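Written below as structure tokens is the structure these notes are about.
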Amino acid sequence: MTDYLTRLNQAQREAVEATDGPVLVLAGAGTGKTRVLTTRFAHILLSRRAFPSQILAVTFTNKAAREMRERVSALLDQPAEGLWLGTFHALAARMLRRYAERVDRTSSFSILDTDDQLRLLKQVMEARRMDTKRFTPQGLMGTIQRWKDRALLPDAVPRDQDIDWGAESARDLYAAYQDRLRALNACDFGDLLLLAYDLLRRDPEVLADYHRRFRYILVDEYQDTNLVQYYWLRLLAQHSRNICCVGDDDQSIYSWRGAEIENILRFEADFPGAKIVRLEANYRSTAPILAAASGLIAHNEGRLGKTLHAGRTDATGENVEVFAFWDSDEESRAVATRVETLRREGHKLAECAVLVRAGFQTRAFEERFIAIGLPYRIIGGLRFYERAEIRDAIAYLRVLAQPADDLAFERIVNTPKRGLGDTALRAMHERARADGVPLAEAAARIAAEATLRGKARDGLRDLIAKFADWRTTLKRDGHVITLSTLLDESGIIAMWQEQKTPDAAGRIENLKELVRALADFDTLEGFLEHVSLVMDNDNEVDDDKVFLMTLHAAKGLEFDTVFLPGWEEGVFPNQRALDEGGAKSLEEERRLAYVGITRAKQRAIISHCANRRIYANWQSSVPSRFIGELPADFITLGGSASLARDQRLSAPPVFATATPLLARRDDAWNTPSRPARADKLTEGTRVFHQKFGYGIVIDADDDRLDIRFETAGEKRVLDRFVERA
Ligand code: ATP
Ligand code: MG
């Protein structure tokens, strides 16, 4: 019956068995905090202290909630149902729906996304005749969000924290916005917690109800809670005081979203006599990985201080590898080759993860994985070419290349907004049908006439004129310059710049990455064909896939092998973080690096490139300072053959003392970089394609090959997708 307890060490067991009273588990990565929480959950149930519905368990992501549910089910040996287990937002929403009428909503209230929020704020501002160009809804939204994170309803915002927003006060606008939300029977994301907290605070009946219900509260990733989340927990735990929070101050990576590390100190103050448990044995990583991560995070000041040692009995292991590559193409090729080597050696793909600092970095890896048919999955985001901003930009390119592409034209005709609503679009469609011409041509005809009026007519004329310009640019300056011009002149970049939402900067980075991607192709057509081939690549059949995600999304997870590419100044640490937040942000970037390395169980492989393309120009980059901060005894340096051979490039500073440039045993990792295709494949060559199998080249045209495949029939593919058989 108490089998599960024997799978814990002494300190973990203490944390699990101290069911009653407040407990704070403060411990480094991989020490079993989540295991403690899960086991505690099961222990409370199995020792009949509570029913499943009497435990409130908070996780940081839905994925973590799923995993926790599975872990609990496994421990209980039956499906765990009816649980209050989920993210803060999910749990708060559930409470609000139950007591909706007490926050002036009905139980079917809607939850607004960022776009809706902005639109609503804009309406509020326009109703007051404000200049929304100078005082943007985006900026105001940020302010309101910060207040909400700090549990401040409009009335509670201290006067001295109010800000002038044009002729208005931000606080008054906030109040008006909340009124509108109420009238619409809606909540924004920040409201979920704010209103749930406010409800408990105001309504003793509701609070008593939840006090009766929740006898135990469990919180994972406690270091990333914000103030309103903390207050909400504190109220709920007030009565039973049976609250257990687990966290690691070194892994606090969401301060940009309002998380407050001080909540750890608040806990000790608000729950006097709390049992503080420290776990010091790391069961996840080998000793060198742990030592490297610990050495790195030691560069942060103001830590709460913890000891961490290897708890695995087999915790010897290989050093963290650090590689220098020529550019990101070579880097992604090397990573993919290494993954294949691991797979050949019997490792599962799903035990490999590539963790990047920013979303745009996934592109190089995705293309490489697709090219060699390596199944991958992206967590917490879309694949590069599926992202909305990329689809928009590609739709512009498609219209340029193929004016008859109606779908593409329809996608972009009013993106960014240029006053072309449904009526205008209907007029274009009718005209296209009547004249038997493509949509773009019909639009051009309409623009030349007086069918449309006002803003719509100006918007359309402007768009048609611009397309004419871009066609000239395309002929004169080539596709790469055309795309950067187009991104500017179409207003796509400006559209995202105006959005001060957290993801807007990432979208602009993605667009820049698209320009880089385009530069790899000689023609626009070649690129578009590549994109359709890439998009067509559905590798859904296979469940064993390499994971690709940002470092933020990797929190709490673990993998045998972790690749950490792009460790260059400006990429990681991220330039924006450095510009905006100074020393504090640098420490948060370093914590992110710590999170990254500590995801690895067996192998951590860090890399950086000597060159990065910024638009169409190359720039040399400097290795991340974090590389220099890794303790030398626990890292092994390596570099690609092509980089070593290149005389123009002096070794990056960090490698000044590196002895063996080719330290790796497996040669695959060091395969010299091969450009798109040095060996031209000619008619009659037998080739292998990862998706279509073996075939014979029947026609070769530039970088495109017509191939008669043995089973898949005749196909046209890009030559970089095939290998000589
Ligand atoms: P993070 O800070 O990254 O969230 P964590 O502290 O939550 O890490 P867990 O994910 O719970 O750590 O545990 C890390 C790994 O160590 C898991 O694979 C877990 O199963 C294993 N583990 C935890 N405790 C023990 C133990 N006592 N004996 C053996 N393995 C353990
Ligand atoms: Mg954990």
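Numbering of ligands and ligand atoms starts at 1, following listing order. A quick note: this is a predicted structure, and the numbers were derived from the prediction, not measured.
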Can you list, pair by pair, the side-chain donor-acceptor contacts under 3.5 Å of residues 15-32, counting residues two or more places apart and other chains?
unit_1: Thr19; atom_1: OG1; unit_2: Arg49; atom_2: NE; d: 3.1
unit_1: Asp20; atom_1: OD1; unit_2: Tyr216; atom_2: OH; d: 3.0
unit_1: Thr31; atom_1: OG1; unit_2: Gly28; atom_2: O; d: 2.7

Open item on the list: Between Arg368 and Thr337, do the side chains contain a donor N or O and an acceptor N or O under 3.5 Å apart?
Closed with: no
Open item on the list: Looking only at the side chains, is there a donor atom on one of Asn510 and Arg507 sitting less than 3.5 Å from an acceptor on the other?
Closed with: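 No pair is found: no donor N or O on one side chain lies under 3.5 Å from an acceptor on the other.
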If you take the centroid of each ring, where Trp contributes its six-membered ring, are [Y] and [X] closer together than 6.0 Å?
| X | Y | answer |
| --- | --- | --- |
| His552 | Tyr254 | yes |
| His89 | Phe189 | yes |
| Tyr376 | Phe365 | no |

Open item on the list: Which of the protein's N, O or S atoms come within less than 2.8 Å of the Mg ion (ligand 2), not counting waters?
Closed with: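 Listed by chain and number: Thr34 OG1.
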Open item on the list: Under 4.0 Å between a side-chain nitrogen and a carboxylate oxygen: does that hold for Glu386 and Arg383?
Closed with: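 Here Glu386 pairs with Arg383 in a salt bridge, since their nearest N and O are under 4.0 Å apart.
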Open item on the list: Tell me whether Glu587 is salt-bridged to Lys584, with the criterion being a basic N under 4.0 Å from an acidic carboxylate O.
Closed with: no
Quick check on ligand 1: any N or O pairs to the protein under 3.5 Å? One line per pair.
unit_1: ligand 1; atom_1: 2 (O); unit_2: Lys33; atom_2: NZ; d: 2.6
unit_1: ligand 1; atom_1: 2 (O); unit_2: Gln251; atom_2: NE2; d: 2.7
unit_1: ligand 1; atom_1: 3 (O); unit_2: Arg284; atom_2: NH1; d: 2.8
unit_1: ligand 1; atom_1: 3 (O); unit_2: Arg284; atom_2: NH2; d: 3.1
unit_1: ligand 1; atom_1: 3 (O); unit_2: Arg599; atom_2: NH1; d: 2.7
unit_1: ligand 1; atom_1: 3 (O); unit_2: Arg599; atom_2: NH2; d: 2.8
unit_1: ligand 1; atom_1: 6 (O); unit_2: Thr31; atom_2: N; d: 3.2
unit_1: ligand 1; atom_1: 6 (O); unit_2: Gly32; atom_2: N; d: 3.1
unit_1: ligand 1; atom_1: 6 (O); unit_2: Lys33; atom_2: N; d: 2.8
unit_1: ligand 1; atom_1: 6 (O); unit_2: Lys33; atom_2: NZ; d: 2.8
unit_1: ligand 1; atom_1: 7 (O); unit_2: Thr34; atom_2: N; d: 2.9
unit_1: ligand 1; atom_1: 7 (O); unit_2: Thr34; atom_2: OG1; d: 2.8
unit_1: ligand 1; atom_1: 8 (O); unit_2: Gly30; atom_2: N; d: 2.9
unit_1: ligand 1; atom_1: 8 (O); unit_2: Arg284; atom_2: NH2; d: 3.0
unit_1: ligand 1; atom_1: 10 (O); unit_2: Arg284; atom_2: NH2; d: 3.1
unit_1: ligand 1; atom_1: 11 (O); unit_2: Thr34; atom_2: N; d: 3.3
unit_1: ligand 1; atom_1: 11 (O); unit_2: Arg35; atom_2: N; d: 2.9
unit_1: ligand 1; atom_1: 12 (O); unit_2: Gly32; atom_2: N; d: 3.0
unit_1: ligand 1; atom_1: 18 (O); unit_2: Glu558; atom_2: OE1; d: 3.2
unit_1: ligand 1; atom_1: 18 (O); unit_2: Glu558; atom_2: OE2; d: 2.5
unit_1: ligand 1; atom_1: 20 (O); unit_2: Arg35; atom_2: NE; d: 3.4
unit_1: ligand 1; atom_1: 20 (O); unit_2: Arg35; atom_2: NH2; d: 3.0
unit_1: ligand 1; atom_1: 24 (N); unit_2: Gln12; atom_2: NE2; d: 3.0
unit_1: ligand 1; atom_1: 27 (N); unit_2: Arg7; atom_2: O; d: 3.3
unit_1: ligand 1; atom_1: 27 (N); unit_2: Gln12; atom_2: OE1; d: 2.8

- [ ] Using the test side chain to side chain contact (heavy atoms under 4.5 Å, CB included), find all partners of Glu221 that sit at least two apart in sequence or belong to another chain.
- [x] Phe60, Gln223, Lys555
